[in-house]
Amino acid sequence: SRRSMSSQLSIFSRELRPRRLTKKRPPSVTSQSSAIVTERLQELVRLFKDRTEKVKEKLIDPESSSEDESPSPAPSAPAPAPPLTEEPKPQEGKIAPKEEEHYCQMMCCKFKTMPWMRRLKKWSFPDSIDPFTNLIYVLWLFLVTLAWNWNVWLIPVRCTYPYQTPDNIYIWLVVDYLCDFIYIIDMFLFQTRLQFVRSGDIITDKKEMRDNYLKSFKFKMDMLSLIPLDFLYFKVGVNSLLRLPRLLKYMSFFEFNDRLEAILSKAYIYRVIRTTTYLLYSLHCNSCLYYWASDYEGIGSTRWTYTGLGNSYIRCYYFAVKTLITIGGLPHPVTLFEITFQLLNYFSGVFAFSIMIGQMRDVVGAATAGKTYYRAYMDGTIKYMNNYKISKDVQNRIKTWYEYTWKSQGMLDEQELLVQLPDKMRLDIAVDVSYSIVSKVPLFQGCDLQMIYDMLKKLRSVVYLPGDYVCKKGEIGRAMYIIKDGEVQVLGGPDGKTVLVTLRAGSVFGEISLLSVGGGNRRTADVVAHGFANLFILDKKDLNDILIHYPESQKLLRKKAKSVYNIVLCFGGILSVKIINANVLIRIFWHSSMQNNLCFPNENKLSQILVG
């Protein structure tokens, strides 16, 4: 019976077991995606393996694998078809020329490059050149100045000292004509393309630019500088004095000085170098004249002339330095010619040296004009404080303010600089400096853009020392503050010393009091500078003068300020924070509600209330 029972159970279980269907079940979405991912991974592994093998082959035998192609990228989803356009069909019988490919091989990689000849063909000379902002033109002027200096410094040497000989004459002539070639390129390629201003318009027309140069005084001097007196070499020999007209290219030298000073951040350094070069050149010319006078009298014929020993240029230059600076200790002239030459030398030396000293004084004075201005203000303030016996603590804080303001701004009052600029340029500077900060203030969002621009021009920068009160509790609110650099702390609480919030660079406070919402606008909390703080300040009078011309923005500002003011009144028994902006109110109300166990909505909800 037990066996029959077990057999029946086995039969019953076989009947309950689900029969296999002839059709297979469709795979699930998960299995399909996993299969696709597995297939993709296998394909990527194969591609990486192929690429590794090719790199190995390149490292072992670079020549055999230089023509190998890189592995094809992994197949990806087809990109959307581009709009249908008719492609130009190649004409029958003509085969389009295949562009030659050029490669630059570095390490184990190849880079497709453009041959330098093709790059040179694609480069085109500009049709017009801005002489004030084009750096390529400044570099070209530097090259012209080098060519001009070659003539200025070496023509006196070659016509007096015996340095130009038949053995090296070809080297001198090659460099001479290279400088002449630079002169010619400057005349016909650069000067005829310079933009100019006529009746307020910038002229860029080729014909007008060329005519403007041809009618200018500079063109006449450039033409005179290229007078071909070199043809007289065939009659009188190679004489460097025939190249004196090349010195008439001096206008390019002074133009280069102006352009270079305009782009240098510390132009006074270049002015010092240039003035020193003037002094060295005057000594250079004097040494050439002394050698000529010695040669005229006879080298070593008298004790005054050059003895002929040592390096002639160095010896004569030493004599020129002692003469022009009037050091003394020179040999006494003997002949009438020597006496006359030395008298003229002394007079010219005193005159030239005094001019150089005066120029150097002006250059150094201009370089330190700002520091001198700062010291004058500092000394005047110290003298005033000593006369009125101001306490040492106040004096030290004032001195610290002067030093920090000068180091951080480079000036004591930025308005003195901006007042000299046109209104448009003042606006450009104000936008770059403070628009990014003001535009983020919720109170001014939605206002007229031109109103914000007018407001930016009225901002002024003020530096506060550590512990200085930006505004005190009970005083009349007459300004709005934007933190440019540093931090300030809003103090409150029962003792008035609890730090409610710390505001950092980019924060704004005090804007609500400018609109006098609700009548009085007294400060009801203290704001203290935490460390050195540089703030932008907007006076209430300036804002009111601006809002007169923008009534819609005035209504919007008053509406926003009134909504914030109503919230302040609701919590007047807890906090007094009318001086700060909406973002600060959110943080202080939330902080205070937690301290006083008040039931208050969360910070995001309060933000929505204030912004609305």
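Note that the structure is predicted; figures quoted are calculated from it, not measured.
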Worksheet entry | Test applied, side chain to side chain contact (heavy atoms under 4.5 Å, CB included); reference residue, Val363; option that passes from Ile273, Val272, Ile269 | Val272
Worksheet, complete the sentence: The residue among Asn134, Ile202, Asn212 that forms side chain to side chain contact (heavy atoms under 4.5 Å, CB included) with Gln195 is Ile202
Item to complete: Quick one: do Asn534 and Ser461 satisfy side chain to side chain donor-acceptor pair (under 3.5 Å)? Show the steps, please.
Response: CA-CA 7 Å; Asn534 194 344; Ser461 178; 2.7 Å; yes
Which pair of heavy atoms, one from [X] and one from [Y], lies closest together, and at what distance?
X	Y	result
Phe219	Leu214	CD2-O, 3.4 Å
Val488	Ala533	CG1-CB, 4.3 Å
Ser225	Leu248	CB-CB, 4.0 Å
Thr145	Phe253	CG2-CD1, 3.5 Å
Phe196	Glu208	CE2-O, 3.6 Å
Val463	Tyr404	CG1-CD2, 3.3 Å

Measure from the side-chain N and O atoms of [X] to the backbone N and O of [Y], and report whether any donor-acceptor pair falls under 3.5 Å.
X	Y	result
Asp201	Ile203	no
Glu475	Lys472	yes
Arg460	Leu538	no
Ser507	Arg504	yes
Asp205	Lys207	yes

Kindly indicate whether the side chain of [X], heavy atoms from C-beta on, has any atom under 4.5 Å from the side chain of [Y].
X	Y	answer
Lys206	Asp127	yes
Pro466	Phe532	yes
Phe132	Asp258	no
Val490	Val499	no
Leu459	Ile482	yes
Thr498	Leu491	no
Tyr270	Asn257	yes
Ser128	Arg193	no

Item to complete: Begin with the C-alpha distance, continue with both residues' side-chain angles, and end with the deciding distance and a verdict on side chain to side chain contact (heavy atoms under 4.5 Å, CB included) for Val527 and Tyr481.
Response: CA-CA 11 Å; Val527 178; Tyr481 302 90; over 6 Å; no
Practice prompt. Apply the test side chain to side chain contact (heavy atoms under 4.5 Å, CB included) to residues Ser391 and Val394: give CA-CA distance (whole Å), side-chain angles for both, the deciding distance (0.1 Å), then the verdict.
Written response: CA-CA 6 Å; Ser391 63; Val394 176; 3.2 Å; yes
Worksheet item: Passes salt bridge (charged side-chain N to carboxylate O under 4.0 Å, His left out), Lys249 versus Asp222? Steps please.
Response: CA-CA 6 Å; Lys249 191 72 175 175; Asp222 290 347; 3.4 Å; yes
Just by distance, with hydrogens left out, do [X] and [Y] show a side-chain donor and acceptor under 3.5 Å apart?
X	Y	answer
Glu487	Thr502	no
Asp186	Gln191	yes
Tyr550	Asp454	yes

Practice prompt. Measure from NZ or CZ of Lys218 to the centre of the six-membered ring of Tyr213, then state whether that distance is under 6.0 Å and the direction lies within 45° of the axis.
Written response: no
Discussion item. Run the side chain to side chain contact (heavy atoms under 4.5 Å, CB included) test against Met385 and tell me which residues pass, sequence neighbours left out.
Written reply: Thr381, Ile382, Ile390, Gln395, Ile398
Practice prompt. Verify side chain to side chain contact (heavy atoms under 4.5 Å, CB included) between Lys383 and Asp379, making sure each step is shown before the conclusion.
Written response: CA-CA 6 Å; Lys383 183 179 179 181; Asp379 295 341; over 6 Å; no
Worksheet item: If you look only at pairs with a residue in residues 462-471, which of them pass as a side chain to side chain donor-acceptor pair (under 3.5 Å), with sequence neighbours excluded?
Response: Arg397-Asp468
Worksheet item: Run the salt bridge (charged side-chain N to carboxylate O under 4.0 Å, His left out) check on Asp539 and Arg478 step by step: do they pass?
Response: CA-CA 6 Å; Asp539 291 331; Arg478 297 188 179 91; over 6 Å; no
Discussion item. Could you work out, with side chain to side chain donor-acceptor pair (under 3.5 Å) as the rule, every residue matching Glu552, not counting sequence neighbours?
Written reply: none
Straight-line distance of [X] [atom1] to [Y] [atom2], nearest 0.5 Å:
X	Y	atom1	atom2	answer
Ile546	Cys447	CD1	SG	11.5 Å
Leu456	Phe536	CG	CZ	9.5 Å
Met187	Ser252	CE	OG	10.0 Å
Thr276	Gln359	OG1	CD	10.5 Å
Asp130	Ile136	CG	CD1	13.0 Å
Ile537	Lys484	CD1	NZ	12.5 Å

Discussion item. Does Phe142 have more than 12 heavy atoms from other residues, nucleotides or ligands lying within 6.0 Å of its CZ?
Written reply: no
Discussion item. Counting only heavy atoms not in Tyr278 (residues, nucleotides, ligands), do more than 12 fall under 6.0 Å from its OH?
Written reply: yes
Item to complete: Please report the C-alpha distance between Glu255 and Tyr137 in whole Å, then the side-chain angles of each, then the deciding distance to 0.1 Å, and finally whether the side chain to side chain donor-acceptor pair (under 3.5 Å) criterion is met.
Response: CA-CA 11 Å; Glu255 184 182 5; Tyr137 180 65; 2.8 Å; yes
Worksheet item: Which class fits the ring pair Phe125 and Phe190: parallel under 30°, tilted 30 to 60°, perpendicular over 60°?
Response: perpendicular
Worksheet item: What orientation do Phe254 and Tyr250 show, parallel under 30°, tilted 30 to 60°, or perpendicular over 60°?
Response: perpendicular
Discussion item. Could you go through Met251 and Trp148, starting from their C-alpha distance and side-chain angles, then the distance that decides it, and tell me whether this counts as side chain to side chain contact (heavy atoms under 4.5 Å, CB included)?
Written reply: CA-CA 10 Å; Met251 297 184 70; Trp148 182 76; over 6 Å; no
Practice prompt. Output, in order, the C-alpha distance, side-chain angles, deciding distance and verdict of salt bridge (charged side-chain N to carboxylate O under 4.0 Å, His left out) for Lys266 and Glu261.
Written response: CA-CA 8 Å; Lys266 295 183 179 180; Glu261 289 181 10; over 6 Å; no
Discussion item. Before you tell me yes or no, could you show the steps for Lys457 and Asp423 under salt bridge (charged side-chain N to carboxylate O under 4.0 Å, His left out), namely the whole-Å CA-CA distance, both residues' side-chain angles and the distance that decides it to 0.1 Å?
Written reply: CA-CA 9 Å; Lys457 291 187 290 185; Asp423 188 70; 3.0 Å; yes
